[in-house]
Amino acid sequence: MVAEHEQGLDIVDMPINMGPQHPSTHGVFRMVLVISGEKVVDVTPHIGYMHRGGEKLMEAMDYRQGIGYADRTEYLAQFSAELGYCLAVEKLMGIEVPERAEYIRIILTELNRLSSHFMFMGAFGIDSGLFGTSFTYAFREREYIQDVFEEVSGDRLMYAYFRVGGLAWEVTDNFTQRVHEVLKKTQKGIKDLDDLLTKNEIFMARCQNIGAFTADRAIAYGLSGPLLRASGVNWDLRRDEPYSIYPRFTFQIPVGNYGDVYDRYLVRLEEMRQSVSIIEQALEKLPPEGPIVPEKMPRRLRTPPGEVYAKVESPRGEWGVYLVSKGGDKPYRLKMRSPSFCNLSALREMTVGQFLADAVMILGSMDIVLCDVDR
Amino acid sequence: MTLPDGQEEEAQGDAGAAPETPPPAEAAAPTPKPAAERPARPAKEAEPKEAPRIPPPAGSINEILAAAVPGVAMLAYMVPTLQGEAVAVEVGRDDLVPVMTAARDDKRLDLKYLRCLSGVDWQDEGLEVVYHLSSFTTRHQLTVKTRVTYDDPVVPSLASLFPAANWHERETRDMFGIVFDGHPNLVPLLLPDDMTDHFPLRKDNPLQEIEEWQGENLREGAGEGEE
Amino acid sequence: MAEVIAQKAPPATTPEKQIEGAPVVVPEREKTGVEREAERLTPAPYEPGTALYRQVLPGIMQMPVDALLAFARESSLWPMTFGLACCAIEMIATYMPHYDLDRFGIVPWPSPRQSDVMIVSGTVTKKMAPAVKLLYEQMPNPKWVIAMGACATNGGPYTRYDRVLQGVDKIIPVDVYVPGCPPRPEALMDGFIALQHKIMEERSK
Amino acid sequence: MLLAAPSFGISQPAVRALLALIVITMVMTVAVAYATWYERKIIARIQQRLGPTRTGPFGLVQPIADMLKLLVKEDLRPADADPVAWELAVFGIFVPAFLAVVAVPFTADWLVSSLPLSLLYLLAVSGLSFIGFLMAGWGSNSKYALLGGMRAAAQLISYEIPLILAMIGVVMVTRSADVYSIILFQDRVPLIVWQPLGFLIFLTASIAELERQPFDIPTGESEVAGGVFIEFSGIRWSMFQLTSYVNMYVFSLLGAFVFLGGWEWPFGRDVGWGYQLLLTSAKMSLFIVFYLWARATFPRLRVDQLMSYAWKVLIPFALVQIFLNGLFIVYDPPYVDAFLLVSSGLGAAALVTLVYQSVRVKPRLPLQMFSNTVEARSVV
């Protein structure tokens with residue numbers, strides 16, 4: 001006869017700590033998952049392990065020195081961050097950027113979107129279980145793009161190449177021919193990754209209808225970028241709040257239907273193809289010569305007192321800069337609205353009820369950059 | 001990238017003096033350099049101290065907002081954005097929630113997308129919380145601001161209205177000490193869990209000095225690189 | 001749950017009826033968050049491991065066995081998959097086809113138990129420091145640390161922010177410093193080669 | 001083994017078996033050490049990398065260096081680990097792997113001991129290893145290890161059944177459970193021709209038994225970060241790696257002998273042990289390259305998908321296979337081989353299409369593309 005208390009064997013939920021050091025947390029992100037069996041009952045994300053005060057230090061630096069911090073905060077889409085920062089300061093100072101500098105900026109930002117999405121494809125393959133093959137394929141292409149960035153700006157990762165008012169110096173003279181070469185290799189790279197992952201039965205089984213997120217929940221949580229478009233909201237800053245010279249190009253904006261992990265992957269894959277077409281159009285229209293910095297640039301950049309909220313479509317979403325200035329050559333307050341921070345706040349609602357292995361896939365599909373989350 | 005100390009001193013002094021019309025209380029620049037030693041700089045034209053507050057043109061969304069929330073004191077002015085000008089509204093602290101619910105639920109405004117919530121530390125004019133709202137259907141953009149003083153930094157929380165505000169409010173509390181009452185889980189987000197009395201982003205929190213030599217006594221002979 | 005309302009200064013305890021002659025009990029001031037954190041940032045104790053085989057065969061064939069094992073250790077250095085910030089992207093790039101650390105026998109392993117090298121690639125903030133120390137202590141003994149990038153060496157561009165630890169050698173002993181922000185993959189490989197030379201010279205571990 | 005050849009003339013079988021065991025352990029250790037080498041080389045080549053090249057010519061000294069380094073690593077044991085389970089876990093996994101090697105006939109006259117039921121013995125012994133995983137998972141007292149241990153137990157048990165059912169199909173056709181006679185049975189036609197469905201089920205189940213990539217959930221790197229082996233370090237951990245490669249050899253040999261005809265098929269038995277050994281290792285390496293290729297290109301299945309695939313797909317198909325074999329063998333129609341081939345081939349085709357369709361059952365809407373020029377209203 002089974003004793004009374006033994007009949008009611010209740011299953012105890014086990015808290016598991018996916019700690020700051022874990023192969024699939026894309027950096028120092030910690031989440032405590034409470035799981036019963038394999039199902040996730042509760043998720044508490046802990047961030048702040050990479051909070052290193054980019055905003056406070058930018059307040060102590062003048063406008064030329066602050067560009068390095070924009071790079072280091074969003075270290076996978078550095079040109080988008082620099083573009084956002086420069087647009088904010090130029091709007092406050094009322095500077096007109098010359099034509100040639102605008103085109104070069106757009107070409108480099110879209111190339112940077114390609115290299116950031118390649119990094120996502122590589123990391124997402126590792127989360128789904130591939131033993132590194134997607135990483136090596138993706139990084140082979142990323143290295144070609146980084147070669148172009150290195151020839152142009154002199155550094156592989158931290159470019160600091162955009163300056164308030166235009167560019168730091170002229171690009172190399174075989175720039176257009178080099179970019180054409182890289183675009184051919186990138187198209188082959190996108191086709192390789194597409195064949196490796198998209199039609200793979202196990203990959204589809206692991207990604208379809210996992211972590212589905214409806215459109216109005218996405219808007220309520222302030223998601224942006226591929227996550228928002230995957231949920232079915234047709235919103236892209238390059239078209240709906242056009243900045244720089246994006247209205248001159250024609251490209252498509254992919255929007256998903258189910259908002260699950262597979263749609264996010266497809267949206268990013270489609271965005272890579274669109275970026276290639278944008279770069280080709282920009283290369284044709286690139287004026288062969290012309291100034292890259294306006295003639296009358298003040299020696300010390302001083303902004304009139306005032307505030308501006310400039311936003312840019314970075315590969316992860318809307319990367320915004322809220323710049324408050326009390327005059328002088330230093331920003332008084334500079335808040336970086338990072339897309340990874342807002343996308344990550346919706347992790348709990350996406351993951352509760354899924355399996356433990358899906359929690360890893362959902363976190364991977366968000367493509368977060370930890371320095372961007374903690375600034 | 002690290003700031004050369006000499007240039008930083010001079011920049012600190014320079015920024016402190018330039019913009020405000022120096023009333024005596026504020027004029028105490030951190031390093032009172034004797035004026036003679038500094039090179040005489042050409043007299044600069046008087047820079048405008050405060051941004052000009054241009055009232056928004058008729059028919060802009062702050063009228064709809066005022067109609068939706070009658071009897072709320074609102075100071076409205078234009079704020080530049082990349083696509084031109086947008087409306088900013090300054091609201092008192094206790095009628096922040098009705099304004100926000102109206103902005104979100106009113107069909108003509110439909111501002112459902114809370115883009116960014118940031119705290120600004122205006123030193124003597126108190127702490128300010130800035131909300132950037134925008135809408136997908138009507139393509140409106142609105143900035144809502146509230147001011148609180150230092151000794152009573154409490155702002156009603158919007159976490160129930162906008163789930164996006166949940167993490168932003170926790171971060172602003174960590175950085176500025178503005179307490180959002182009504183917030184479901186106001187535990188430190190970016191700072192360690194037991195640090196609730198240190199606010200890094202406030203203006204009175206100085207940067208730390210660079211230490212000359214580090215890690216010399218950790219391991220005997222670690223420093224000299226012996227053998 | 002930390003108390004919600006943040007007081008600027010800890011509340012002064014109201015002195016009840018003071019008993020004469022009783023020693024005035026000064027309420028020990030409740031430590032602020034910063035001091036509590038400073039206690040957690042004490043450096044990890046470094047005790048060099050005593051090689052097992054040296055106790056088994058104390059004097060016999062000392063030199064060749066040392067040389068052989070040092071060669072074995074140097075040519076199969078297993079780092080831990082542990083990336084902090086932007087330097088982690090350059091560390092990953094070094095494992096990838098263009099630079100391929102696998103040629104040196106260097107394979108990243110997920111758990112600290114199976115790794116010999118800890119590459120600290122990125123800024124060590126004061127909230128992350130206890131975790132880095134714990135990981136260092138979990139690694140089995142002949143272990144080395146490579147401080148990759150300016151942030152791990154002395155705080156780098158973020159050194160003036162008070163939440164950042166100025167260099168990881170404040171908490172764990174570092175063997176090789178790789179300069180750069182972020183250092184190029186070739187610089188990291190050079191760091192590994194320098195570590196290999198160091199292992200060959202320092203055979204006493 | 002080598003000593004069984006008449007030239008050695010050692011009479012007592014016990015001494016001969018002991019010497020054979022010693023030779024087998026030596027050969028297996030070296031073979032396993034170089035299994036790590038060529039795994040890293042082949043996977044690196046699939047990933048367009050070079051693999052170890054610096055230690056010795058083509059990195060040939062790399063496995064020796066790894067082995068030596070792990071030998072002198074500090075042996076850590078977590079403070080609150082359960083000492084009994086922790087110590088015995090290594091042997092719980094290590095011993096069954098080497099027990100299985102005893103019954104494998106490498107060439108016609110090279111075998112440690114010829115058991116009449118060697119196939120049954122092989123399957124039984126290789127089914128023991130999940131106890132070691134449970135002990136390792138429970139012993140190291142870490143949540144990840146416990147999770148990995150539970151997953152390992154569930155996976156190994158539920159993939160043991162389709163493996164055995166596939167083998168029963170083979171035994172019904174060859175009417176004997178001894179690997180030696182199964183090989184002799186295939187002197188004209190390898191069994192894969194008559195049992196393609198059995199071969200497919202054996203292949204999938206063997207990957208699951210080895211816990212290699214599509215099914216490597218107990219040691220899933222990205223979820224449980226090394227799973228069962230998370231707390232083991234140094235030589236203890238390398239014992240686990242050693243056994244996973246020994247298992248890989250055993251299952252490759254099993255597949256080569258039972259389905260591809262082993263050392264018998266094209267050239268027959270009397271061609272001399274050199275050719276036979278070459279033929280066996282060629283067929284074995286077919287399997288090994290498939291395992292490595294699967295490791296480099298397949299993502300990982302989720303736990304419930306893995307279990308449902310075993311119970312709802314593999315076992316029913318294996319039962320159908322046995323039913324068909326029984327039908328044809330009992331009624332013995334004139335062309336029984338043709339009937340076996342056709343039925344099993346249809347079964348295999350049905351299994352492949354089921355897997356292909358299982359993911360595409362609900363048609364997915366493709367992405368909607370909005371042009372950036374027209375002022376598109378938002379969908380919401």
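In what follows, chains are A, B, ... by sequence order, proteins preceding strands, each numbered from 1.
- When all heavy atoms of A:Met158 and C:Cys181 are compared, the pair lying nearest together is CG-O, 3.9 Å.
- Neither the backbone nor the side chain of A:Arg30 comes within less than 4.5 Å of any heavy atom of chain C.
- Here the shortest heavy-atom pairing between C:Pro157 and A:Leu57 reads O-CD1, 3.8 Å.
- Of residues 121-134 of chain C, those residues lying under 4.5 Å from chain A by any heavy-atom pair are C:Thr123, C:Thr125, C:Lys127, C:Met128, C:Ala131.
- There is no contact between C:Tyr95 and chain A, counting heavy-atom distances below 4.5 Å.
- Relative to the six-membered ring of C:Tyr161, A:Arg52 misses at least one condition, a distance below 6.0 Å or an angle of at most 45° to the axis.
- When all heavy atoms are compared, the tightest approach of C:Cys86 to A:Arg72 is SG-O, 4.1 Å.
- Closest approach of A:Phe135 and C:Ile92 over heavy atoms only: CZ-CG2, 3.9 Å.
- Note on A:Leu76, A:Asp71, A:Val369, A:Thr136: by heavy-atom pairs under 4.5 Å with chain C, the leading option is A:Thr136.
- Taking C:Cys151, C:Gly83, C:Ala93, C:Ser111 one by one and counting their heavy-atom pairs under 4.5 Å with chain A, the maximum is reached by C:Ala93.
- Both the backbone and the side chain of C:Leu84 come within less than 4.5 Å of a heavy atom of chain A.
- Rounding to the nearest 0.5 Å gives a distance of 9.0 Å between OG1 of C:Thr94 and CZ of A:Phe139.
- Panel note: side chain A:Tyr75, backbone C:Cys87; no donor-acceptor pair is recorded below 3.5 Å.
- How far CZ of C:Arg163 is from NZ of A:Lys56: 13.0 Å, rounded to the nearest 0.5 Å.
- Enclosure of atom NZ in A:Lys191 is not indicated, since only 12 or fewer non-hydrogen atoms of other residues, nucleotides or ligands lie within 6.0 angstrom.
- The most heavy-atom pairs under 4.5 Å with chain C, out of A:His51, A:Arg140, A:Arg156, come from A:Arg156.
- Salt-bridge annotation for C:Arg184 and A:Glu150: present, with a side-chain N of the basic residue lying under 4.0 Å from a carboxylate O of the acidic one.
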